[in-house]
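If you read the sequence from its start, that first residue is 1, and numbering goes on from there.
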Amino acid sequence: VALTGGGLTIAEAKRRHVHSTEPKMTKIANWSNTHNVTGLLYQPETLEELERLVRDCHERGMKLRPVGAGISPNGIAFEDQGMVNLSKMNNVLHVDEDTMQVRVQAGMRVSELVDALKPYGLTLPNYASIKEQEIGGFVSAGAHGTGAYIPPLDDTVVAMHLVTPARGGIEITRKEQPQLLDALKVGLGAFGVVAEVTLQCVKSHNLEEHTFTATRAQICANHEKWLKNNKHIRYMWLPYTDTVVVVTNNPTTKPPGVVGSELSDAEEERRLKPMHQLLTKGINQCDPETRENLGLDASLVGSLNFAEARDWLLKFNTLNTEHVRRANQAEAEFWKNSEGKVVGDSSEMLQFDCGGEQLVFEVCYPTGTVDNLTPAIERKGRKVKPPSADVGFVMDLLEHIETTGFPAPSPIEQRWTRASQSRMSPAASASINDVFSWVGVIMYLPVSDPTIRGRIQDKFRDYTQLVRKVGAELPSDIYPHWGKIEMPSDAKALEADQAWLSRRYPVGLFNSLRRELDPKNICANDLINKAFPLDRE
């Protein structure tokens, strides 16, 4: 995330936004540098300043879009006409050790909250792949971790203070207004600015992580048991290989550290050898100009870690299927040599290296319950019959990828959560025992050349359409993570996507709350207005 500000041409800003909290003309880029915005950014330091700011902008009909750390792949929080960021409102306000609940300002980063909770022996029930999000965005966009018994992170919210344009500051609690809280929690920044939240915590605990590989047939034979018996589990499917990386995490009383002996330098070198060899061969086959343009140096290959080596491998030709196939196969060998166990604090063990700059599309769909998974769709010609719809979806997607020769890099990541009570969550369900699977596909952006990046982005749009095509065959269809959906510019495609979203979400409720709390629509941006036009019930 890049937050860079400069001085103001403040005259215009002052004329349009008369307020004690001076805005700055600021450029914000998301994590993969695929979306950026330059606009007026306010950073109030107190709740009173924030409430004044929202009221003033409402009176003048001026845009004020809430933006957190700006991490989301689709730039869902960006708005060039005016944004508000709460990074200066980043304190823990109260910790109740009896109920294990914490009241926190929404500008606090997840990583900061983790550290603040440690003296109390508390932590959050689950974590997303990273913890650099601000709490307000973490909740509002429906962030999630993995574990079929654990809901997305928005379900840890037991109370929330929302500063709305029309109603000012309102406090909503699980105890007094449970239905309203569920309607507002995953609000996508469209109702106002989340200023404070009360989160339900759990006791700090260690997890033992076990990383191993399985074949697709082994996944099918063991999936129901593994999903049921592990608190946290995720799969990384590697296209064009028969390798699936399985990562489980379960509570333990063991002390932190590697279970067994530490890897020696020689063993670490052996793990990376297939990737390093393929990379060295490719570099040596490149002409000097290409090597220089791509920043490739064979003498540095031995110093590259796994994520760096994968990035370098894909610099050669990200869109060449045969090259991607070889890179995936080298990665499979790395993971086969990486089986092991390690123990650590849950806040650390549930994080993982997401790699370099990338395009991401993640979808969610119901898959029954832990004790009764939804059966897979019956298909002729399958080499291995999947045990359930969640695994069947990924195997069908892999079959489309591999039969059409699509250049899909590793991995296709699969995670699970319990249902969310939040009405706008992709995992929303009236039955808290329902289980949802989350599947993410990626394409890397390992080069800075805008022409090449543009080609990768074009190909990735084809990838997302392939995912949706396969998902549409499920009885429930599939629906995207809010931080990863891109709304089309084509009118016909946009209308189709609006209809798609309206089949899953309570659009009428969402828009009626927008009209009541933000009647001048100052908090929504183009993405929200495209997804949920206010003239649609």
Side-chain angles (χ1 to χ4, degrees), residues 1 3 5 19-24 26 28 41-55 64-71 77 83-128 130-141 143 153-164 168-175 181 184-187 189 191-204 345-348 351 523:
V1 179
L3 280 155
H19 197 268
S20 60
T21 302
E22 296 287 12
K24 290 184 179 180
T26 304
I28 307 174
L41 181 71
Y42 294 89
Q43 291 186 297
E45 298 184 13
T46 66
L47 180 60
E48 292 73 21
E49 281 187 8
L50 173 62
E51 290 178 337
R52 235 179 4 253
L53 171 64
V54 174
R55 182 176 62 248
L64 191 69
R65 177 76 176 149
V67 59
I71 288 172
M83 297 172 286
V84 57
N85 169 264
L86 302 189
S87 60
K88 294 182 179 180
M89 295 172 61
N90 63 339
N91 295 307
V92 168
L93 301 176
H94 177 69
V95 177
D96 188 324
E97 295 183 72
D98 293 329
T99 63
M100 294 192 292
Q101 293 177 358
V102 58
R103 181 74 165 191
V104 59
Q105 291 180 308
M108 190 172 218
R109 296 210 177 208
V110 175
S111 57
E112 295 172 332
L113 178 57
V114 169
D115 291 339
L117 289 173
K118 284 181 179 177
Y120 300 95
L122 298 174
T123 192
L124 296 179
N126 212 345
Y127 292 90
I130 59 174
K131 54 185 179 183
E132 293 313 309
Q133 310 95 327
E134 290 185 9
I135 295 294
F138 192 62
V139 169
S140 297
L153 279 305
D154 48 90
D155 252 26
T156 64
V157 177
V158 296
M160 180 169 71
H161 191 84
L162 181 68
V163 180
T164 70
I170 57 174
E171 181 75 13
I172 315 103
T173 68
R174 166 68 58 198
K175 183 177 181 180
L181 184 65
L184 294 177
K185 278 187 304 184
V186 181
F191 304 134
V193 185
V194 176
E196 298 173 3
V197 293
T198 302
L199 301 171
Q200 182 64 55
C201 301
V202 297
K203 290 183 178 179
S204 297
D345 185 84
S346 65
S347 65
E348 298 299 328
Q351 312 293 293
C523 291

Hey, are the side chains of [X] and [Y] touching, using non-hydrogen atoms and a 4.5 Å cut-off?
{"X": "Val194", "Y": "Pro66", "value": "no"}
{"X": "Leu113", "Y": "Val92", "value": "yes"}
{"X": "His161", "Y": "Glu51", "value": "yes"}
{"X": "Val102", "Y": "Tyr120", "value": "no"}
{"X": "Val202", "Y": "Thr123", "value": "yes"}
{"X": "Val163", "Y": "Leu47", "value": "yes"}
{"X": "Ile135", "Y": "Val110", "value": "yes"}

Let me confirm one number: the [atom1]-[atom2] distance from [X] to [Y], rounded to the nearest 0.5 Å.
{"X": "Ile170", "Y": "Leu162", "atom1": "CD1", "atom2": "CG", "answer": "5.0 Å"}
{"X": "Arg109", "Y": "Ile130", "atom1": "CZ", "atom2": "CD1", "answer": "9.0 Å"}
{"X": "Leu184", "Y": "Asp154", "atom1": "CG", "atom2": "CG", "answer": "12.5 Å"}
{"X": "Met83", "Y": "Lys24", "atom1": "CE", "atom2": "NZ", "answer": "13.5 Å"}
{"X": "Glu348", "Y": "Tyr127", "atom1": "CD", "atom2": "OH", "answer": "9.0 Å"}

Inset, instruction - State, without any angle test, whether Gln105 and Asn91 hold a side-chain donor-acceptor pair at a distance under 3.5 Å. - result: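 Their side chains do contain a donor-acceptor pair, which is all the 3.5 Å distance test asks for.
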
Inset, instruction - Determine the sole option in Val157, Thr156, Leu153, Val197 for which the side-chain contact (heavy atoms from CB on, under 4.5 Å) test with Lys185 is passed. - result: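 Testing Lys185 for a side-chain contact (heavy atoms from CB on, under 4.5 Å) against Val157, Thr156, Leu153, Val197 leaves exactly one candidate, Val157.
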
Legend entry - side-chain contact (heavy atoms from CB on, under 4.5 Å) partner of Glu196, the single match among Arg103, Met160, Met108: Arg103

Counting distance only, does the side-chain N/O of [X] pair as donor-acceptor with the main-chain N or O of [Y] below 3.5 Å?
{"X": "Asp96", "Y": "Gln101", "result": "no"}
{"X": "Arg65", "Y": "Cys523", "result": "yes"}
{"X": "Gln200", "Y": "Met100", "result": "yes"}
{"X": "Ser204", "Y": "Leu122", "result": "yes"}
{"X": "Ser347", "Y": "Asp345", "result": "no"}
{"X": "Gln133", "Y": "Gly68", "result": "no"}

I need the minimum non-hydrogen distance between [X] and [Y], along with the two atoms involved.
{"X": "Ser87", "Y": "Glu134", "answer": "CB-OE2, 3.5 Å"}
{"X": "Glu45", "Y": "Glu49", "answer": "N-OE1, 3.0 Å"}
{"X": "Thr26", "Y": "Leu41", "answer": "OG1-CB, 3.7 Å"}
{"X": "Ala195", "Y": "Leu50", "answer": "CB-CD2, 3.8 Å"}
{"X": "Ala69", "Y": "Glu132", "answer": "CB-O, 3.5 Å"}
{"X": "Pro44", "Y": "Leu86", "answer": "CG-CD2, 3.9 Å"}

